[in-house]
Number of protein chains: 2
Amino acid sequence: MTDPLALVNALDDAGYRLTAPRRSVAEIVAGRAGHFTAAEIAAEARARGIHVGRATVFRTLDALERVEAVERIDIPGGGHAYVACEPAHHHHVVCSRCGRSVEVEDGRLAALVRSIGRRTGYRIDEHRLELYGLCTACQAAPEGSR
Amino acid sequence: MTDPLALVNALDDAGYRLTAPRRSVAEIVAGRAGHFTAAEIAAEARARGIHVGRATVFRTLDALERVEAVERIDIPGGGHAYVACEPAHHHHVVCSRCGRSVEVEDGRLAALVRSIGRRTGYRIDEHRLELYGLCTACQAAPEGSR
DNA sequence: TGCTAGATGATACACAGTCTCAGGTGGATC
DNA sequence: GATCCACCTGAGACTGTGTATCATCTAGCA
């Protein structure tokens with residue numbers, strides 16, 4: 001759950017025009033607790049009776065990613081998902097049952113990455129760490145319930 | 001570069017039948033130094049004059065992944081790739097220019113993952129770390145050469 | 001208010017991956 | 001070596017995700 005205004009402002013600050021479809025997408029994104037796919041955003045917009053083209057959803061998520069208001073992650077089994085997040089380098093722990101995600105910051109991993117770089121001789125420019133498991137709520141909930 | 005026999009044996013040991021298409025795919029996979037996509041394997045088979053269906057390539061790579069003879073990784077920009085590897089949990093450092101990859105083992109990351117689990121309350125079942133950069137050869141080679 | 005660059009929706013397209021199904025074949029058994 | 005059948009195959013349809021194109025629309029500036 002994020003402030004829709006923050007997303008809209010991020011776009012505005014970066015010089016993107018503030019259009020109705022962008023506001024709608026920002027609002028839906030902001031209302032999401034966990035990760036979501038482009039298709040889910042399009043479906044929710046349709047469910048709310050808002051007409052937003054599929055291409056526009058992709059374009060808007062792309063814009064939000066550029067301004068670092070959302071992050072694109074790979075999900076196990078292929079495909080992508082997005083998470084609304086703070087604009088600093090970090091990683092996500094994603095609940096594989098309910099989709100809720102939390103952010104963890106970078107500290108020790110950055111050191112680990114540097115050490116791997118030294119050991120392998122590679123000049124490491126990019127890394128991605130994604131963690132999947134069960135959030136506290138889903139651990140407590142009985143198996144299969146959702 | 002892996003021993004094609006090792007891949008074929010891994011399939012055999014797991015109870016998979018040893019068919020001509022599987023041997024061909026195993027041979028092509030074994031001949032690869034870096035990562036590769038299913039499409040590349042299919043293309044190389046075609047180039048060698050071996051007829052292997054696209055579905056069969058996917059099925060064989062899937063089987064090889066099951067027996068842990070290859071690992072499926074996500075590449076930046078979406079899509080998947082595979083790397084032939086030893087059957088122990090580890091991660092890959094992939095050269096973003098030539099595609100060559102090296103394996104790094106797990107030690108400190110496992111500890112980091114545990115500590116993230118403790119901190120967030122998540123029960124972490126799965127994690128993936130992928131590192132991208134330039135290998136020593138590509139760092140030495142002039143920009144743009146391949 | 002008018003203008004224009006940038007945004008839009010519709011649509012076609014590309015591509016990866018999955019599924020189905022009729023026919024083929026590896027390998028166990030005799 | 002012959003037989004048999006469960007498993008494997010290729011072909012091709014299908015699905016889902018993401019991109020490209022284009023005519024039309026509109027936010028926001030002068």
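Just so you know, these numbers use all the heavy atoms, side chains as well, and skip hydrogens, waters and symmetry mates. Below, read A as the first sequence line, B as the second, and so on, with proteins coming before strands; counting in each chain starts at 1.
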Margin query: Checking the side chain of A:Q139 only, and the main-chain atoms of A:L134 only, is there a donor and an acceptor separated by less than 3.5 Å?
Written below: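 Yes, the answer is positive, given that a donor and an acceptor are paired below the 3.5 Å cut-off.
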
Check: Which one, D:dT9, C:dT18, D:dT21, comes nearest to the side chain of B:P21?
Finding: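 Given the options D:dT9, C:dT18, D:dT21, the side chain of B:P21 is closest to D:dT9.
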
Next item on the list: State the OG1-OH distance between A:T136 and B:Y122, to the nearest 0.5 angstrom.
Entry: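 Here the rounded value is 7.0 Å.
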
Next item on the list: Report whether A:L7 and A:L5 are members of the same hydrophobic cluster (ILVMFWY, side-chain heavy atoms less than 4.5 Å apart, transitive linking).
Entry: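 Unlinked, A:L7 and A:L5 end up in two clusters.
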
Check: Do A:L11 and A:F58 sit in the same hydrophobic cluster, where Ile, Leu, Val, Met, Phe, Trp and Tyr count as joined when their side-chain heavy atoms come under 4.5 Å apart?
Finding: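 Different clusters: A:L11 never reaches A:F58 through Ile, Leu, Val, Met, Phe, Trp or Tyr contacts under 4.5 Å.
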
Notebook entry, point to check: So, for B:R17 and B:R22, which heavy atoms are closest and what is the spacing to 0.1 Å?
Noted result: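 Reported closest heavy-atom pair: O-NH1, 2.9 Å.
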
Next item on the list: Identify the two heavy atoms, one from B:S24 and one from B:V52, that lie closest to each other, and give their separation to 0.1 Å.
Entry: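 It is CB-CG2, 4.5 Å.
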
Round to a whole Å and report the spacing from [atom1] of [X] to [atom2] of [N].
X     : N      : atom1 : atom2 : result
B:F58 : D:dC8  : CZ    : P     : 18 Å
A:I41 : C:dG9  : CD1   : P     : 15 Å
A:L61 : C:dT8  : CG    : P     : 12 Å
A:I50 : C:dG9  : CD1   : C1'   : 15 Å
B:F36 : C:dA16 : CZ    : P     : 15 Å
A:E40 : D:dG18 : CD    : P     : 11 Å

Notebook entry, point to check: What does nucleotides 22-30 of chain C look like as a protein-contact string, B for base, S for sugar-phosphate only, - for none, at under 4.0 angstrom between heavy atoms?
Noted result: ---BBS---

Item checked: Donor-acceptor pair under 3.5 Å, A:R59 side chain vs C:dG6 base ->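 Result: no qualifying N/O pair found.
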
Margin query: With hydrogens left out and only the distance checked, is there a donor-acceptor pair under 3.5 Å joining A:R54's side chain and the base of C:dG9?
Written below: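 Per atom types, no contact qualifies.
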
Item checked: side-chain N/O A:R22 vs C:dT8 OP1/OP2, d < 4.0 Å ->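 It does, given that an N or O in the side chain of A:R22 lies less than 4.0 Å from OP1 or OP2 of C:dT8.
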
Note to self: Please tell me if A:H51 has a side-chain N or O lying less than 4.0 Å from either OP1 or OP2 of C:dA10.
What the structure shows: yes

Margin query: Pick the closest DNA chain D nucleotide for A:D62 and for B:G53 by heavy atoms, then say which residue is nearer the 5' end.
Written below: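 The residue mapped nearer the 5' terminus is B:G53.
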
Item checked: Side-chain ion pair, A:R48 and A:E27, N-O less than 4.0 Å -> yes

